[in-house]
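In each ligand, atom 1 is the first atom listed, and ligand 1 is the first ligand listed. No hydrogens, no waters, no symmetry mates; every other heavy atom, side chains included, goes into these values.
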Amino acid sequence: VVVKAEPERSTQGITEAERDRFKADGFLGPIDLLDADETSRTRVELERVLRTTGVAPSPDPAMSAGRLAEMLDTPSGGSPVPFIECRHLDSPAVHRLCTHPTLLAVARALYGDDLLLWRSTFLHKAAGGAEFRWHQDWGGVFGPSESEYGLEPPLSFSFWIALSDVSRDNGCLRFVPGVRRVLRSTPAGPGPRATLLVDESEVDEARAVDMPLRAGQCVVFTDRALHASGANTSGTPRLGLAVRMTVPAVRVRPHFPGHSCVLVSGRDAAGLNTTTQPPVVD
Ligand SMILES: O=C(O)CCC(=O)C(=O)O
């Protein structure tokens, strides 16, 4: 693995200054994960994975037709969501990416040695795909009506890995720095699984920071980070993988039948969650 570290970043994690920035802003990036060769190899592997349904349990049909699908809905229609949820549970290639040594080093530097991977989602924004409006991932991104889902207590952080170049034109993530407020959020549409969005009069968009990423780079952000992504006005699709982690002291409510966590670092002394072994055979 070739790690293209910034001069002051060590492969053992991050610098004090970077940690302070993460604590204050709620996000940190871009972080180099994969070099160009690894990126193209990974793309080929992942495209193969995404053509299959895999053996991991997919979200139930309501979820596929609900908030995640909405997020990916495009004028041309169609959503790959049922096939792109939690593929780290069945694909070694996806699991390898979710546990890239640099990613884990950064995660440990921010949250300590004991880490659970509880979710991963490929986020495919087709050409012409809509913007994803301002929200926080607080509580595990599910709505309050879904009492059986979410994280207790809420503590989740995400690495969003760019699998294609991600620019302002094709819908890069945007963040408003700050972690002190959890904004009241309301469902964007009908149904219990509608996307939870914050009241935009509370968002100081003038302070927003765009996070364009080269393929192979990622950004890490907390569940309090206020974020959004723009519309894809380019002619080509945008692909990312969101890798969601927490610590073992948090209870992760299963978010679809058969859902379980993977211990990706350290030990699980709390034993609150169903855990499973990572997949070994492609
Ligand atoms: O991929 C996107 O456009 C939005 C992703 C997002 O909001 C998230 O990963 O929490």
Side-chain angles (χ1 to χ4, degrees), residues 22 25-31 33 46 50 59 63 66-74 79-81 84-88 94 97-98 103 107 117-143 149-151 154-176 179 182-183 185 187-188 193-198 200 203 205 208-213 215 217-234 236-246 255:
F22 179 80
D25 293 347
F27 65 93
L28 184 68
I31 297 168
L33 281 189
L46 297 184
L50 290 177
M63 184 183 291
R67 65 175 303 285
L68 285 166
E70 261 169 47
M71 181 168 95
L72 294 160
D73 204 16
T74 65
S79 164
V81 167
I84 59 174
E85 179 72 32
C86 284
R87 293 302 303 268
H88 65 276
V94 179
L97 186 55
C98 292
L103 183 155
L117 169 62
W118 67 275
R119 188 175 187 200
S120 69
T121 312
F122 283 98
L123 295 157
H124 178 271
K125 193 177 280 196
E131 67 186 329
F132 188 8
R133 300 193 69 86
W134 291 100
H135 63 287
Q136 290 167 309
D137 291 346
W138 183 248
V141 303
F142 293 105
Y149 296 109
L151 304 181
L155 189 163
S156 175
F157 58 104
S158 299
F159 288 86
W160 198 101
I161 306 174
L163 297 167
S164 56
D165 287 340
V166 175
S167 62
R168 290 175 184 87
D169 290 344
N170 68 10
C172 69
L173 291 186
R174 315 183 65 208
F175 296 91
V176 175
V179 289
V182 176
L183 300 177
S185 56
R193 298 176 196 277
T195 306
L196 291 175
L197 298 174
V198 302
E200 297 205 356
V203 179
E205 216 167 318
V209 176
D210 289 338
M211 185 61 63
L213 299 170
Q217 290 185 315
C218 71
V219 56
V220 57
F221 55 97
T222 80
D223 48 3
R224 284 181 176 226
L226 194 50
H227 61 292
S229 69
N232 184 352
T233 57
S234 78
T236 48
R238 183 221 73 176
L239 183 64
L241 175 69
V243 179
R244 320 252 188 223
M245 294 195 181
T246 187
H255 63 285

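- Atoms of ligand 1 lying under 4.0 Å from at least one heavy atom of Phe221, given by number and element, are 8 (C), 9 (O), 10 (O).
- Assignment of Leu173 to the shell around ligand 1 is supported, since a heavy atom sits closer than 4.0 Å.
- Ring centroids of Phe221 and His227 are separated by less than 6.0 Å, placing the two rings close together.
- For Val179, the side-chain contact (heavy atoms from CB on, under 4.5 Å) partners are Thr222, Arg224, not counting sequence neighbours.
- Among Arg238, His227, Lys125, Gln136, the residue whose heavy atom lies nearest to atom 1 (O) of ligand 1 is Arg238.
- In this structure, the side-chain contact (heavy atoms from CB on, under 4.5 Å) partners of Ser167, at least two apart in sequence or on a different chain, are Asp169, Asn170.
- Looking at Leu241, Asp223, Asp137 and measuring to atom 10 (O) of ligand 1, the nearest heavy atom belongs to Asp137.
- Paired with Val166 under the rule side-chain contact (heavy atoms from CB on, under 4.5 Å), one option of Cys172, Ser229, Pro212 passes, and it is Cys172.
- Neither the backbone nor the side chain of Arg174 comes within contact range of ligand 1; no heavy atom lies under 4.0 Å.
- Paired with Arg244 under the rule side-chain contact (heavy atoms from CB on, under 4.5 Å), one option of Asp137, Leu117, Asp223 passes, and it is Asp137.
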